[in-house]
Amino acid sequence: MTNEKTILARARRGEMSAFEQLVTIYEKRVYTLALRSTGTPEDAEDITQETFLRAWRAMSSFRGDSGFSTWLFRITMNLCVDFARHKNAGPGEQSLTDEESSVREIADSAPTPEQQLENSELGRELSEALCAVSEEHRQIVLLRDVSGLSYTEIAETLEISEGTVKSRLARARLALREILLSRGNISLPSASKQVKGGGRK
Amino acid sequence: MKDCAYFEQLCSNSVDGTLTDGERIELEEHLQTCASCRAVMDDLLGIHDLLAEPVEMPDTMHESIMQHIEKETKKAVVQPEKPMRRMPVFTMVAAAAVVVMVVLSGGIGEFFATGNSSSASEATAAATSAGVDISPSAKTSEGEMASEAAAAEYSTSASDSAAAGENGETAVFPGPGATASDENVLPALPESIHGLTVASCYLATNGMTSPAIEGNLLANEGGFAYYAVENNLTVIEKQLDSLENAGYHVQQYEDVNLVIDTKEKTTLLIVQQPS
């Protein structure tokens, strides 16, 4: 996108209004990625802020050999990993109580961004299953299914080959499904629907 | 015979729409006969659709991102750390002017007052040594008190001799005001940087093309770009040189909306945008 190139060039020179345009273009995708990764809107907000702050600081050193989006998502994913590590290392109890309380906290002021996902039983189970698979698997599923990156972009973001992207993605999805099935999730399509032919839609 | 692991991989690719035609037919045929892979196919599609569902971002998200960045920028500008002392450009120009003036008057003195040649050459010698003294100290990144004091002295004598010197001043050094007719447009400081504390401020006007400035662009309004530049002699000198090479007239500038504190780490550079 030539337009984005121009914006990038200006942002690289420290022009804040240009950088703000980049924020506008990408904030939702970064936020969504962070939300799916952490499971709580509050954490997702923090990570989104931090992602753009770091991007702003590092903007002048952004070379542009990789796309801006993959660069930005890499920052996001790294922060999500740090964040998860930090949280796990922290004292005591994990996600569920935190998640519930933070959801409650913001419930008054803002619509719960997680609502759609939480609306369905499967959605909640999926959030938990995402926490249960390995970091590697979670990342790749998020980059593909949440952020909608192409194999090439994922390969760039995670610095792996495209072949690895394909196979890891398949394994990650199967692992997610395994967890959902092992928890007796009955809303998976396979458990509730009659199977139609597969293949490309 | 291909096993189910192979087709599970194809199921995953199929979710992404990356199957080749051959693979697609292969997979469809397999799914007719394999219930287990059919289940995988459906579940992977279900997981994908669910994750791809849009989420609602808080309304305040954009604002809070930008606030964080702006706060950081301000912090970077107002960080009072190691005090950096440098001779302001005006003083340097004035110092250079006095050298020229002394040389000039020395020369004239020698020319007219034949009996006084010794004092004239003394003046020339003094001027030369002053010239030798000033340039290196001006180029040191951390100018010392001494050089500043010296510079102050020279600048005083500069104005004295400028006042005394007949028409020498404008001829040898086009100081601020020399080109006053072209530069009646002065920047109206954008509100976003009102109250900014900086070590010094320079105004560059009437350039043909604007060179790249190594600094943080704070604002670009009303035909002027405002850059926060590191208050380091080498850095600033480089910027000002490149501006002057681009035909700019550079001068130190004061604005009531700026707070000047020589201990600040940042210098404000205002560059008029070529029209």
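In what follows, chains carry the letters A, B, and so on, assigned in the order in which the sequence lines appear, proteins first and then strands, with residues in each chain numbered from 1.
A donor-acceptor pair under 3.5 Å links the side-chain atoms of A:Thr157 to the main chain of A:Glu153, judged by distance alone. A donor-acceptor contact shorter than 3.5 Å is absent between the side chain of B:Gln239 and the backbone of B:Val229. At distances below 3.5 Å, not a single donor-acceptor pair connects side-chain atoms of B:Thr266 with backbone N or O atoms of B:Val198. B:Gln272 contributes a side-chain N or O that, together with a main-chain N or O of B:Asn206, makes up a donor-acceptor pair within less than 3.5 Å.
For chain A, no part of B:Asn220 is nearby; none of its heavy atoms comes within less than 4.5 Å. A:Ser167 touches chain B through backbone and side chain together, each having a heavy atom under 4.5 Å away. Both the backbone and the side chain of A:Thr24 come within less than 4.5 Å of a heavy atom in chain B.
The residue among B:Leu44, B:Ile25, B:Val40 with the most heavy atom pairs within less than 4.5 Å of chain A is B:Val40. For chain A, the option among B:Thr60, B:Leu10, B:Leu217 with the highest count of heavy-atom pairs below 4.5 Å is B:Leu217. Of the listed residues (A:Lys166, A:Gln49, A:Arg144, A:Glu50), the one with the most heavy-atom contacts under 4.5 Å to chain B is A:Gln49.
Shown are B:Leu45, B:Asp42, B:Leu19, B:Leu27; of these, the side chain to side chain contact (heavy atoms under 4.5 Å, CB included) with B:Cys11 is made only by B:Leu27.
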